[in-house]
There are 2 protein chains.
Amino acid sequence: MVIRGSTPMGMPSGVPEVVIMRLPQYIRILSEMLAGGVEMVSSQQLGEMLQVTPAQIRKDLSYFGRFGKQGRGYNVKGLLAELKEIMGLDRSWNVGLVGVGRLGRAILSYPGFAPEGFHIIAAFDADPNLVGRVIGNLNVQSMNELDTVVKELDISIGIVAVPSRHAQGVIDRLMDCGIKAILSYAPIAPQGQAGVKIRNIDPVLSLQTMTFYLSSGSAED
Amino acid sequence: MVIRGSTPMGMPSGVPEVVIMRLPQYIRILSEMLAGGVEMVSSQQLGEMLQVTPAQIRKDLSYFGRFGKQGRGYNVKGLLAELKEIMGLDRSWNVGLVGVGRLGRAILSYPGFAPEGFHIIAAFDADPNLVGRVIGNLNVQSMNELDTVVKELDISIGIVAVPSRHAQGVIDRLMDCGIKAILSYAPIAPQGQAGVKIRNIDPVLSLQTMTFYLSSGSAED
DNA sequence: GCTTGTGAAGACCTTCACAGCA
DNA sequence: TGCTGTGAAGGTCTTCACAAGC
């Protein structure tokens with residue numbers, strides 16, 4: 001159901017989603033290399049670090065341009081900058097969190113988001129006892145204020161940390177506000193609208209996808 | 001059914017990994033349906049709930065057997081039982097946690113694992129100040145005891161909740177103990193051995209795979 | 001009628017292999 | 001020499017479409 005064609009702005013699309021899923025991993029490795037003082041890297045070397053074939057890396061990059069030099073490889077700093085720009089990771093993103101229960105608080109206190117440019121700048125909860133309280137430096141707001149706050153603060157990403165039974169409703173509310181990217185921690189199969197990206201964080205599901213290999217005695221990788 | 005090489009026990013393997021990734025989702029929906037009193041379900045209905053085509057569901061199931069009845073669909077209870085058995089989810093699994101810092105404690109207090117048969121029965125940490133303390137009903141043990149405890153308690157799954165810089169080392173240690181399934185919360189690209197399944201929980205990476213679509217103005221789903 | 005199970009077809013993604021260039 | 005970028009080939013997964021059967 002993917003519509004291949006041109007995109008409103010001149011950006012190349014029709015890039016396979018699998019490619020988009022890999023680029024952040026390239027970015028991460030390149031960042032580490034840059035920090036380690038590495039200047040040039042070949043697709044061979046990158047591939048070894050990521051358990052990916054060199055051809056795959058070259059092909060992935062070729063969707064966006066020609067970043068390498070024959071015989072030398074890629075300039076780490078340059079490629080990193082290019083990839084960050086392509087992925088929209090050369091800027092900050094404002095994030096809104098829905099649900100400030102135990103999980104929501106853990107998310108608010110997780111120090112890994114901000115350094116990567118993801119700033120949780122608003123928190124919402126349906127529980128009137130929580131609304132108005134300050135949690136993790138944020139004033140918890142009512143769900144009624146969702147639409148207003150999302151627009152006022154230019155929030156473009158939503159994180160859902162509410163009980164499963166409320167998750168789909170919250171996701172619907174977020175989409176109604178024009179949110180196009182949602183990270184859900186609820187163990188459900190979310191129904192999304194076209195043009196909205198939803199990713200799930202679901203440790204149990206992750207475990208459940210491994211037990212097959214444990215019980216089947218399979219020798220597969 | 002394509003048999004691509006036999007497995008030590010009679011189990012069919014050569015099942016695409018994508019299929020294995022989807023089955024737990026089918027299981028989840030079927031569980032909900034069973035709880036809701038639904039008796040029969042068609043691939044059409046299942047597909048709507050999961051945003052998957054009916055043909056895909058039928059094909060996925062056909063790797064393992066013929067569970068449906070023409071004209072009627074699948075018996076919810078029966079299919080659920082079959083799928084659980086196939087995936088090794090009709091039993092309990094013992095899990096060991098490495099790292100009892102903030103994240104590790106959050107994992108220990110997460111109530112979602114046990115009901116699905118994943119029991120965290122041992123916790124380890126490299127920090128001598130933590131070893132011997134009781135956290136989440138578990139006596140934190142030294143990394144030196146890893147091998148012994150894994151074997152004694154029949155632990156077959158490891159969860160890694162240590163700082164990134166130690167994650168690969170911990171993963172290596174777990175693999176050395178014979179652990180074949182690892183859930184890592186560290187934001188790294190883990191290097192695994194053949195025959196070992198590793199899944200990552202990485203919210204930042206998940207966010208980073210969505211921003212492309214936010215910034216490109218793409219109309220893709 | 002309705003729905004499964006499945007070969008065949010098609011779409012998609014990965015890998016190959018080599019021309020081109022530093 | 002070494003490595004990229006890329007058409008072409010190959011492989012894998014998805015979808016189609018229909019015979020079979022309730």
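Here is how names work: the chains are called A, B, and so on, in the same order as the sequence lines, proteins then strands, and each is numbered from 1.
- Computed from coordinates, the Leu46(B) CG to dT3(C) P distance equals 13 Å when rounded to whole Å.
- Arg58(B) has a side-chain polar atom (N or O) that falls below the 4.0 Å cut-off from OP1 or OP2 of dT4(C).
- You'll find the side chain of Met143(B) stays beyond 4.5 Å of the side chain of His166(B), heavy atoms only.
- Using a 4.5 Å cut-off on side-chain heavy atoms (C-beta onward), Gln208(B) and Met87(A) make no contact.
- A donor-acceptor pair is defined here as one N or O able to donate and one able to accept, closer than 3.5 Å; no such pair exists between the side chain of Glu85(B) and the backbone of Glu82(B).
- Between the CD atom of Gln56(B) and the P atom of dT4(C) there is a distance of 14 Å, given to the nearest Å.
- For dG21(D), neither phosphate oxygen OP1 nor OP2 lies less than 4.0 angstrom from any side-chain nitrogen or oxygen of Arg72(B).
- Side chain of Gln70(A), nearest nucleotide from dC21(C), dT15(C), dT14(D): dC21(C).
- Following rounding to the nearest Å, Gln44(B) (CD) and dG1(C) (P) show an atom-to-atom distance of 16 Å.
- Met21(A) has its CE atom 16 Å from the C1' atom of dC12(C), to the nearest Å.
- With dT6(C), dC13(C), dA8(D) as the candidates, the nucleotide lying closest to the side chain of Val18(A) is dC13(C).
- Counting only heavy atoms from C-beta on, Ser43(B) has its side chain closest to dT4(C) among dT4(C), dC3(D), dT15(D).
- Residue Ser42(B) has its side chain nearest to dT4(C) when only dT15(C), dT4(C), dT14(D) are considered.
- Nucleotide dT4(D) holds its P atom 13 Å from the CG atom of Asn75(A), rounded to whole Å.
- Panel note: side chain Asn94(A), backbone Leu153(A); a donor-acceptor pair is recorded below 3.5 Å.
- Atom pair Tyr63(B):OH and dT4(C):C1' shows a separation of 16 Å (rounding to whole Å applied).
- Distance from the side chain of Ser62(B) is smallest to dT6(C) among dT6(C), dT14(D), dT6(D).
- In this structure, Tyr74(A) reaches the dG5(D) phosphate: one of its side-chain N or O atoms is under 4.0 Å from OP1 or OP2.
- The side chain of Ala55(B) sits closest to dT15(D) out of dT15(D), dT14(D), dT14(C).
- Between Arg58(B) and Tyr74(B), the closest side-chain pair of non-hydrogen atoms falls below 4.5 Å.
- In this structure, Arg66(A) reaches the dT6(D) phosphate: one of its side-chain N or O atoms is under 4.0 Å from OP1 or OP2.
- For Thr53(B) and dT15(D), the shortest distance from a side-chain N or O to OP1 or OP2 is below 4.0 Å.
- Counting to the nearest Å, the P atom of dG5(C) and the NZ atom of Lys69(B) are 10 Å from each other.
- Distance, Leu79(A) CG to dC3(D) C1': 14 Å, rounded to whole Å.
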